[in-house]
Amino acid sequence: AKKAGRNTLRFFDPAMQEKLSVRASLESELRYAIEKHQLALYYQVQVDDNHRLIGAEALIRWIHPERGIVSPVDFIPIAEESSLILDVGHWVIDTACLQLAEWAKSAEKKHLMIAVNVSAHQFRALDFVQSVHQAIDLHKIDASRLKLELTESVILEDVDEVIAKMHALKALGVRLSLDDFGTGYSSLSYLKKLPLDQVKIDQSFVRDLAYDPNDAIMVKTIIDLANNFRINVIAEGVETELELEILKDYGCRLYQGYLFGKPVPIEKLQFSAI
Ligand code: C2E
Ligand code: CA
Ligand code: CA
Ligand code: CA
């Protein structure tokens, strides 16, 4: 009885209660965030080895009237637990395509790509390919400017089905990047099975690259593997010149990270060489 009492007490832990209620209210508010125009895409530059802009990753933010800027880390997992992620994901792709249509009008910007994050739940939806197709048609964009960042979690499901879907996306002309590479469960054998244009080295491997020999080996291995499979490779979380030098030395040619720029609202994106 004493034990049960203790457990009951734990249930009334005020900190946990507070967390739960924040979560419940975020979920109900998120339901209306799109209609109220509270979602925004920030953009973080991606550059080549001449430090020239190749495009940007779109990273969602929730501009909340009371809470301020809410990080995707705090609301994407909540959205993922319901069909809300489908609405959010659709909004992200539509907004990115609208931006690509804008860039297409400019001679200096028409070659730039936008990478968007696709959650596993969103990818699994039956009409996912069709919804990407519709966004491309609606905004009359060159599909090859749109890059979808998929995480290894999409591959956990029926692999053949996932591969078929990826081929259908490739047939539309969009590019596919495998995000957070090395952090998940997928085996190396997937790399040759999946129709990928790019793998992205997760920032957790780049962070201590200069000091941790295990991370250095991991990064070097991913780069060699990608280069051998003729898949391009981009490193995220590049913060220092030293990290950049090591990545270059290892044969990585594309980079993203605070060294080049933080995610910013579109009007603050820097288009000149960095
Ligand atoms: P991610 O896709 O791995 O994105 C990279 C995260 O690292 C971003 O965090 C970015 O701001 C941050 N970052 C970039 N460069 C650096 C750096 O040099 N140093 C450090 N310390 N961090 C850096 P952010 O914007 O908070 O996004 C977090 C995660 O939320 C993303 O991780 C992605 O999984 C998810 N996310 C963001 N936008 C979307 C979206 O539109 N849809 C979905 N489904 N998920 C999204
Ligand atoms: Ca990403
Ligand atoms: Ca990452
Ligand atoms: Ca570092």
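Both counts, for ligands and for their atoms, begin at 1 and track the order of listing.
Nearest-residue assignment for atom 31 (C) of ligand 1 (options V116, L59, V45; heavy-atom criterion): L59. Scanning G261, A96, P72 for the heavy atom closest to atom 37 (C) of ligand 1 points to P72. Among D202, I76, D180, the residue whose heavy atom sits closest to atom 3 (O) of ligand 1 is D180.
Counting heavy atoms from C-beta on, the side chains of E245 and D249 never come closer than 4.5 Å. The shortest distance between side-chain heavy atoms of S131 and I93 does not fall below 4.5 Å.
Of all atoms in ligand 1, numbered sequentially from 1 with element shown, those under 4.0 Å from a heavy atom of G237 are 16 (C), 17 (C), 18 (O). In summary, the atoms of ligand 1 found under 4.0 Å from a heavy atom of Q203, numbered by their order in the structure, are 5 (C), 6 (C), 7 (O), 12 (C), 13 (N), 20 (C), 21 (N), 22 (N), 23 (C). Counting the atoms of ligand 1 from 1 in the order shown, those under 4.0 Å from a heavy atom of D179 are 2 (O). For ligand 1 and V92, the ligand atoms under 4.0 Å from any heavy atom of the residue are 41 (O). With ligand atoms numbered from 1 in the order given, ligand 1 contributes 15 (N), 18 (O) to contacts under 4.0 Å with heavy atoms of G257. Near V238, meaning under 4.0 Å from any of its heavy atoms, are these atoms of ligand 1: 18 (O). Within ligand 1, counting atoms from 1 as listed, the ones closer than 4.0 Å to a heavy atom of S119 are 44 (N). Counting the atoms of ligand 1 from 1 in the order shown, those under 4.0 Å from a heavy atom of P263 are 11 (O).
Distance check for atom 22 (N) of ligand 1: a protein heavy atom is found below 4.0 Å. Within a 4.0 Å radius of atom 34 (O) of ligand 1, the protein has no heavy atom.
Under a 4.0 Å N-O distance rule, the pair R31/E27 qualifies as a salt bridge. Between D142 and K110, no side-chain nitrogen of the basic residue sits less than 4.0 Å from a carboxylate oxygen of the acidic one, so the salt-bridge criterion is not met. A salt bridge does not link E102 with K109: every distance from a Lys NZ or Arg NE/NH1/NH2 to an Asp or Glu carboxylate oxygen is 4.0 Å or more. Ion pair K200/E57 flagged as a salt bridge, since at least one NZ, NE, NH1 or NH2 atom sits closer than 4.0 Å to an Asp/Glu carboxylate oxygen. Remark: E18 does not engage R23 in a salt bridge, criterion side-chain N to carboxylate O under 4.0 Å.
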Worked verdict on V47 versus R52 for side-chain contact (heavy atoms from CB on, under 4.5 Å): CA-CA 5 Å; V47 302; R52 271 190 309 242; over 6 Å; no
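Of all the N, O or S atoms in D180, the one closest to the Ca ion (ligand 3) is OD1. Within D202, the N, O or S atom lying nearest to the Ca ion (ligand 3) carries the name OD1.
Between A125 and K165, the closest heavy-atom pair is O-NZ, 2.8 Å.
For a distance bound of 3.0 Å, the N, O or S atoms of S177 include none lying that close to the Ca ion (ligand 2). Contact annotation: D179 places an N, O or S atom under 3.0 Å from the Ca ion (ligand 2). Not one N, O or S atom of E236 sits under 3.0 Å from the Ca ion (ligand 2).
Protein heavy atom closest to atom 5 (C) of ligand 1, with residue, atom name and distance, is E236 OE1, 3.5 Å. When hydrogens are left out, the protein atom nearest atom 45 (N) of ligand 1 is N117 CB, 3.7 Å; that is the closest non-hydrogen contact. The protein heavy-atom contact nearest to atom 15 (N) of ligand 1 is Q44 NE2, 2.9 Å. Y258 N, 2.8 Å is the protein heavy atom nearest to atom 18 (O) of ligand 1.
Residues V132 and I60 are members of one and the same hydrophobic cluster, defined by side-chain heavy-atom contacts under 4.5 angstrom among Ile, Leu, Val, Met, Phe, Trp and Tyr. Using a 4.5 Å cut-off between side-chain heavy atoms of Ile, Leu, Val, Met, Phe, Trp and Tyr, with links allowed through other members, F260 and I54 fall into different hydrophobic clusters. With hydrophobic clusters built from ILVMFWY side chains whose heavy atoms lie under 4.5 angstrom apart, L86 shares a cluster with L26. Clustering ILVMFWY residues whenever any of their side-chain heavy atoms sit less than 4.5 angstrom apart, transitively, puts V238 in a cluster other than the one holding Y258.
Of the heavy atoms in I60, both backbone and side-chain atoms come closer than 4.0 Å to ligand 1. Counting heavy atoms under 4.0 Å from ligand 1, residue R207 does not touch it at all.
For E80, no nitrogen or oxygen atom sits less than 3.5 Å from a nitrogen or oxygen atom of ligand 1, counting backbone and side chain alike. Among the atoms of E239, some N or O lies under 3.5 angstrom from an N or O of ligand 1.
Enclosure of atom NE2 in H111 by more than 12 non-hydrogen atoms of other residues, nucleotides or ligands within 6.0 angstrom is indicated.
Remark: distances from the non-hydrogen atoms of E57 to ligand 1 include one below 4.0 Å. Contact between Q256 and ligand 1 is absent, with no heavy atom of the residue lying under 4.0 Å from the ligand.
Both tests do not hold together for K192 against F229: distance to the six-membered ring centre under 6.0 Å, angle to the ring axis within 45°.
Between F271 and W103, the angle of the ring planes goes over 60°, which puts this pair in the perpendicular group of the 30/60° scheme.
Distance alone, capped at 3.5 Å, places no donor-acceptor pair between the S177 side chain and the D179 backbone.
The OE1 atom of E149 and the OE2 atom of E57 meet at the Ca ion (ligand 2) at an angle of about 90°, given to 10°.
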